[in-house]
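Note that the structure is a prediction, hence the values are computed from the model and not measured.
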Amino acid sequence: MNKMPKWADAVLIPLISILLAFLLSGLVIMAIGKDPVVAIKTMVQGAFGSSNGIGYTLYYTTNFIFTGLSVAVAYHARLFNIGSEGQAALGGLGVALVCLYVPWPHWAIALPAAMIGGAVFGAAWAFIPAYLQAKRGSHIVITTIMFNFIGSALIGYILLNYLKVPGSMSTESARFGAGAHLPTFHEMLAPFGIEFNKNAPVNVSFLIALLAAVGFYFLIWRTRLGYEIRAYGQSETAAKYAGINPVRIVVIAMLISGALSGLMAINNVMGEAERLIDNAVEGAGFIGIAVALMGRNHPIGIVLAALLFGFLYQGGGELSFWESIPRELVVVIQALVIMFTGALDNMVRAPLEKLFIALNKKKEA
């Protein structure tokens, strides 16, 4: 018999962890002489109180969905991919090359090509750590961390020497052509008479991210490959006995993981910036780790966790601007959420398990 029902594991534990994180954050805010209730109201209003705030919240959410799914795919194969940051950066290069060197007549044609470019470059950057893990025994955590730094340096080098606009002081590529412009929510909703802030960066990529979450579910739980990935993640010995090739699973899982990270670039590179900028990922790859852990590596949980971190990013920015609360404190709040939902998960889980065991014993009696 399970110690705890699935709904408690999926919903109750993360909810309690988040509440504890916000409670401790409130105490920190009080310690610097600010009102925590006002701070929370400011964050909620800034993130959801206007179409502009919602647009930015969903923009960040889109990034975190892609990177969260990326980490989760690898995690199901018992691989801790910490390289989503670098894979998303290389995905940005793939998207930029597709958008810069082809005169696209319409975004509907450019988008699939850019998705392929981002996915291929992200997967290619994940392939080398995957091969080293599968064939040479190099630990995936070490190699993916190293490849984040290598990827960042490589992007900077290519931008500076090949893609930067001559005479420009900014380390960025030229803007993409008009045919590569992705429709924003303002443009998508206007035909239906719905007003949405035209400056909000959320675009059609948000819908692509949701489709990716659906595809993730069917891949992991409705296909033979997904079964093999989960079987390998549960027990390598049993997987080998069942005829599953460990090298194949490690490489395929990491390729899919890298491709999902690379897909993030259609949102931040093609959709928002419309050019390749140095350090365009801005830590979204690392946030994806927290999103996957909080979402229990399930697509529904990942989407909800990504929305929470989108709220923290946008609401935190508003909090820093309107309440004169240092930006560093906003990072502390984000860190507390990650700590309680990840590192301190057992602090909430253990008492709840005891509670449910006691309740089950009473029912049986």
Side-chain angles (χ1 to χ4, degrees), residues 1-30 36-37 39-41 43-44 47-48 61 64-65 68-69 71-80 210 213-214 216-223 226-239 287-312 315 332-365:
M1 181 182 292
N2 291 330
K3 294 180 180 179
M4 196 162 44
K6 289 184 178 180
W7 67 267
D9 181 67
V11 178
L12 193 58
I13 291 178
L15 182 60
I16 294 174
S17 298
I18 291 167
L19 290 175
L20 289 173
F22 276 105
L23 178 62
L24 190 55
S25 300
L27 295 176
V28 173
I29 292 171
M30 287 178 63
V37 176
I40 290 296
K41 286 182 177 178
M43 291 182 71
V44 173
F48 300 112
T61 299
F64 302 150
I65 290 174
L69 293 173
V71 173
V73 168
Y75 198 86
H76 277 290
R78 203 178 56 187
L79 300 168
F80 200 15
L210 295 181
V214 174
F216 175 96
Y217 173 80
F218 281 98
L219 169 68
I220 297 298
W221 282 282
R222 292 292 184 268
T223 67
Y227 173 79
E228 291 178 343
I229 289 174
R230 288 184 292 117
Y232 176 80
Q234 291 295 321
S235 173
E236 181 178 353
T237 303
I287 294 296
I289 298 171
V291 168
L293 291 173
M294 181 184 291
R296 299 295 188 271
N297 299 299
H298 191 282
I300 295 177
I302 288 170
V303 170
L304 294 177
L307 181 61
L308 171 65
F309 277 94
F311 158 72
L312 290 174
V332 169
I333 295 173
Q334 295 169 0
L336 286 170
V337 173
I338 294 172
M339 183 177 70
F340 274 95
T341 57
L344 299 181
D345 177 82
N346 198 52
M347 185 180 73
V348 177
R349 180 183 299 277
L352 277 180
E353 285 182 347
K354 291 180 180 178
L355 175 62
F356 279 103
I357 290 172
L359 292 174
N360 288 332
K361 286 181 178 179
K362 284 185 178 181
K363 288 180 181 179
E364 292 172 0

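Taking F48 as the reference, F311 meet the ring pair (Phe, Tyr, Trp, His ring centres under 6.0 Å) condition, with sequence neighbours excluded. Judged as a side chain to side chain donor-acceptor pair (under 3.5 Å), and not counting sequence neighbours, Y227 has no contacts. Every residue meeting the salt bridge (Lys or Arg N to Asp or Glu O under 4.0 Å) condition with R78, not counting sequence neighbours, appears here in chain and number order: E236.
M43 places a side-chain heavy atom less than 4.5 Å from the side chain of L312. Put simply, the side chain of I29 reaches to within 4.5 Å of the side chain of I333, judged on heavy atoms.
Taking every heavy atom of both residues into account, G295 and A305 meet most closely at N-CB, 4.2 Å. Contact detail for T61 and V303: the closest heavy-atom pair is CG2-O, 4.4 Å. Pairing each heavy atom of V73 with each of I229, the nearest pair is O-CG2, 4.2 Å.
In this structure, CG on L19 lies 12.5 Å from CG on L24, to the nearest 0.5 angstrom. Atom CG of L219 sits about 9.5 Å away from atom CH2 of W221, to the nearest 0.5 Å. Rounding to the nearest 0.5 angstrom, the gap separating the OG1 atom in T237 from the OH atom in Y232 is 9.5 Å. In this structure, N360 CG and L355 CG are separated by 9.5 Å, a value rounded to the nearest 0.5 Å. With values rounded to the nearest 0.5 angstrom, L304 atom CG is found 12.5 Å from R296 atom CZ. Separating the CG atom in L359 from the CG atom in L352 is a distance of 10.0 Å, to the nearest 0.5 Å.
The local environment of CE in M347 is crowded, with over 12 non-hydrogen atoms from other residues, nucleotides or ligands closer than 6.0 Å.
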> Run the side chain to side chain contact (heavy atoms under 4.5 Å, CB included) check on Y217 and I300 step by step: do they pass?
Replying inline: CA-CA 9 Å; Y217 173 80; I300 295 177; over 6 Å; no
